[in-house]
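One structure is given here, and the rest of the page talks about it.
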Amino acid sequence: MKLYSHYDIKLAQDVVFDRLSEFEKFERLAVKRGLRVRRVDESDDIAEGIKWRLEFPFRGKKRNVELTLVEADVPNSMVFDAQNPSVRVKFVWM
């Protein structure tokens, strides 16, 4: 199944990219919403291979997801891959 969403905003591309790459901010938001978030790497750069492990309850079970930045074209786009044994999701921010 493929789902697409598109939303135009009136900001410069580099501003949008900077905001979307504030990973610590997204980590804090996820924790506030009940997820356990653990950053696997120690890199401060936006580069392929950045990885997080997420744990959260869904439909009465604990779910684990590994989220990886698989493509980084600064300041144009980022592609994330999220997977667990049951599902694989690709997020593309352009």
Side-chain angles (χ1 to χ4, degrees):
M1 173 189 324
K2 291 185 180 184
L3 303 172
Y4 295 93
S5 179
H6 180 86
Y7 188 77
D8 290 325
I9 55 178
K10 293 181 180 181
L11 287 173
Q13 185 172 345
D14 57 336
V15 173
V16 173
F17 191 90
D18 288 344
R19 289 184 184 175
L20 290 175
S21 61
E22 292 177 357
F23 300 132
E24 294 84 12
K25 183 177 180 178
F26 287 106
E27 291 169 10
R28 287 190 302 274
L29 288 171
V31 168
K32 284 182 180 180
R33 287 171 173 77
L35 282 76
R36 290 186 62 201
V37 178
R38 185 166 59 95
R39 176 97 177 245
V40 176
D41 64 280
E42 297 296 325
S43 175
D44 289 331
D45 296 330
I46 301 169
E48 296 171 7
I50 295 174
K51 194 175 288 193
W52 296 263
R53 291 211 172 96
L54 311 172
E55 184 180 297
F56 54 93
F58 183 71
R59 293 191 179 179
K61 291 186 179 181
K62 182 172 65 171
R63 310 295 176 165
N64 294 297
V65 172
E66 188 167 278
L67 180 67
T68 306
L69 179 61
V70 293
E71 266 181 58
D73 180 17
V74 180
N76 301 308
S77 65
M78 290 185 284
V79 178
F80 292 89
D81 184 64
Q83 60 184 352
N84 78 1
S86 303
V87 69
R88 183 174 181 181
V89 178
K90 182 183 257 186
F91 300 98
V92 180
W93 290 347
M94 300 176 82

Under a 4.5 Å cut-off applied to non-hydrogen side-chain atoms, are [X] and [Y] in contact?
X	Y	value
H6	Y4	no
T68	I50	no
R36	V31	no
W52	V65	no
V89	F91	yes
L67	Q83	no
L69	V79	no
R53	V37	no

Item checked: Heavy-atom pair with the smallest gap, counting every atom of P75 and Q13 -> O-NE2, 3.4 Å

Next item on the list: Taking all heavy atoms of P57 and all of G34, pick out the closest pair and write down the distance.
Entry: CD-O, 4.1 Å

Notebook entry, point to check: Between the side chains of E66 and N84, is a donor N or O closer than 3.5 angstrom to an acceptor N or O?
Noted result: no

Note to self: Checking F80 now: which residues fulfil ring-ring contact (aromatic ring centres under 6.0 Å, His included) with it, not counting sequence neighbours?
What the structure shows: W93

Working to the nearest 0.5 angstrom, can you tell me the gap between [X] [atom1] and [Y] [atom2]?
X	Y	atom1	atom2	answer
K90	K2	NZ	NZ	8.5 Å
M94	L20	CE	CG	13.0 Å
D81	E71	CG	CD	10.5 Å
D73	I46	CG	CD1	11.5 Å

Next item on the list: Without swapping roles, check the side chain of D41 against the backbone of K51 for a donor-acceptor pair under 3.5 Å.
Entry: yes

Item checked: Donor-acceptor contact present, side-chain S43 to main-chain D45, <3.5 Å -> yes

Item checked: Linked, directly or transitively: V74 and V70 (ILVMFWY side chains, under 4.5 Å) -> no

Notebook entry, point to check: Among the clusters formed by ILVMFWY side chains lying less than 4.5 Å apart, do V92 and I9 turn up in the same one?
Noted result: no

Checklist line | Pairing residues for R63 by the side-chain contact (heavy atoms from CB on, under 4.5 Å) criterion, not counting sequence neighbours | finding: F56, F58, R59, K61

Notebook entry, point to check: By side-chain contact (heavy atoms from CB on, under 4.5 Å), which residues pair with R28, not counting sequence neighbours?
Noted result: E24, K25

